[in-house]
Amino acid sequence: MKTFLKILILLIFGIVISMPDTSAFAGEKETYNEIYEKLEPADFEYIFGIDPYQAEDYTKYMYSPYPLFRVGVPFIFKNTKIEPGYYILTPRKKAGKTFVLFKEQGRVKYMVPVYNIDLVDPLFYNQYIPEKKKGFWSKVGSGISNTIGRAFPKKTQRMPAPKAYIEVNDIDREFYQVILFYGEHKYYMIFKQQ
């Protein structure tokens with residue numbers, strides 16, 4: 001009976017210790033507030049909204065290398081309000097800072113600073129992005145283009161676009177955290193909710 005009581009007391013003590021501390025969650029919310037306040041909006045503009053590196057990117061890859069993102073609710077960053085719509089997200093470095101460009105019809109419409117850059121797990125894309133199944137004619141076409149590409153590699157073979165994935169998290173109904181997975185990196189952005 002004594003052994004049973006000792007095990008019961010240790011079990012209860014272990015549960016009490018492992019319970020989450022609500023003050024830790026409050027501190028995490030404050031850090032998002034601090035991050036949001038510390039971020040500075042872009043202090044530059046692109047002439048006529050044209051990204052100077054866009055043409056180079058589109059000639060290097062077989063198709064647009066950047067992901068298309070559908071915004072369903074307004075995202076607010078300081079004095080920038082990103083309206084609902086479809087945007088191509090493009091990460092760019094400028095003056096030592098990293099920004100994500102929100103492009104609409106090929107023109108830069110909004111620029112949002114990134115507060116954190118991290119590496120993507122090499123197995124992430126295999127786990128979350130399914131492989132496209134090819135039909136018979138698709139296999140024949142890709143076989144022919146690969147054969148021609150091997151015969152004339154400098155003129156015909158283009159690189160496949162980097163894999164991309166977008167994740168949106170709701171943080172306490174106060175912030176949206178958007179994580180852009182692009183190639184080997186992931187870019188973290190934060191927006192206020194209305």
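Starting from 1, each residue takes its place in the sequence as its number.
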- Query: Passes side chain to side chain contact (heavy atoms under 4.5 Å, CB included), Gln177 versus Tyr115? Steps please.
  - Reply: CA-CA 10 Å; Gln177 179 189 43; Tyr115 74 86; 2.6 Å; yes
Let me confirm one number: the [atom1]-[atom2] distance from [X] to [Y], rounded to the nearest 0.5 Å.
X      : Y      : atom1 : atom2 : value
Asn116 : Met189 : CG    : CE    : 12.0 Å
Ile88  : Gln54  : CD1   : CD    : 7.5 Å
Ile35  : Thr31  : CD1   : OG1   : 5.0 Å
Leu119 : Phe124 : CG    : CZ    : 13.5 Å
Tyr188 : Lys186 : OH    : NZ    : 3.5 Å
Phe99  : Thr90  : CZ    : OG1   : 14.0 Å

Can you confirm whether [X] sits close enough to [Y] that some side-chain heavy atom of one is under 4.5 Å from a side-chain heavy atom of the other?
X      : Y      : value
Pro41  : Pro113 : no
Lys163 : Asn126 : yes
Asp170 : Arg173 : yes
Pro65  : Tyr182 : yes
Val178 : Ile166 : yes
Lys97  : Val114 : no
Glu174 : Asn33  : yes
Leu101 : Asp51  : yes

- Query: Just checking, Lys192 and Tyr32: is the charged tip under 6.0 Å from the six-membered ring centre and within 45° of the axis?
  - Reply: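 Lys192 over Tyr32 ring: no.
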What class does the angle between the rings of [X] and [Y] fall in, given that below 30° is parallel, 30 to 60° is tilted and above 60° is perpendicular?
X      : Y     : value
Tyr110 : Tyr87 : perpendicular
Tyr46  : Phe44 : perpendicular
Phe175 : Tyr36 : tilted

Establish whether [X] and [Y] are linked, either directly or via other cluster members, by ILVMFWY side-chain heavy-atom contacts under 4.5 Å.
X      : Y      : answer
Val73  : Tyr86  : yes
Leu89  : Val112 : yes
Tyr187 : Leu68  : yes

Under a 3.5 Å distance rule, please check whether [X] uses its side chain to pair with a backbone N or O of [Y] as donor and acceptor.
X      : Y      : result
Tyr128 : Leu123 : no
Lys94  : Ala42  : no
Ser138 : Gly135 : no

- Task: For this output row, return yes or no: ring centroids of Tyr176 and Phe75 closer than 6.0 angstrom.
- Result: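 Close enough - the centres of the two rings lie under 6.0 Å apart.
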- Would you check if the distance from the ring center of Tyr125 to the ring center of Tyr165 is below 6.0 Å?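 Ring-ring flag for Tyr125/Tyr165: false, centres at least 6.0 Å apart.
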- Task: Can you see which heavy atom on Ala164 is nearest to which on Ile129, and at what distance?
- Result: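 Looking at all heavy atoms of both residues, the shortest contact is O-CD1, 3.3 Å.
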- Item | Heavy-atom pair of closest approach, residues Lys81 and Ile76 |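 Shortest heavy-atom separation between Lys81 and Ile76 comes out as CG-CG1, 4.2 Å.
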- Message: Between the side chains of Lys109 and Glu45, is the shortest nitrogen-to-carboxylate-oxygen separation below 4.0 Å, so that they form an ion pair?
- Response: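 Salt bridge absent between Glu45 and Lys109.
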- Salt bridge flag under 4.0 Å for residues Asp57 and Arg92: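 Arg92 and Asp57: salt-bridged.
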- Task: Begin with the C-alpha distance, continue with both residues' side-chain angles, and end with the deciding distance and a verdict on side chain to side chain contact (heavy atoms under 4.5 Å, CB included) for Met111 and Phe102.
- Result: CA-CA 6 Å; Met111 293 179 283; Phe102 283 69; over 6 Å; no
- Worked check of side chain to side chain contact (heavy atoms under 4.5 Å, CB included) between Ile179 and Asn169: CA-CA 8 Å; Ile179 305 171; Asn169 300 317; 3.8 Å; yes
- For Phe181 and Glu167, run side chain to side chain contact (heavy atoms under 4.5 Å, CB included): C-alpha distance rounded to whole Å, both residues' side-chain angles, the deciding distance at 0.1 Å, then the answer. CA-CA 8 Å; Phe181 293 78; Glu167 182 179 310; 3.9 Å; yes
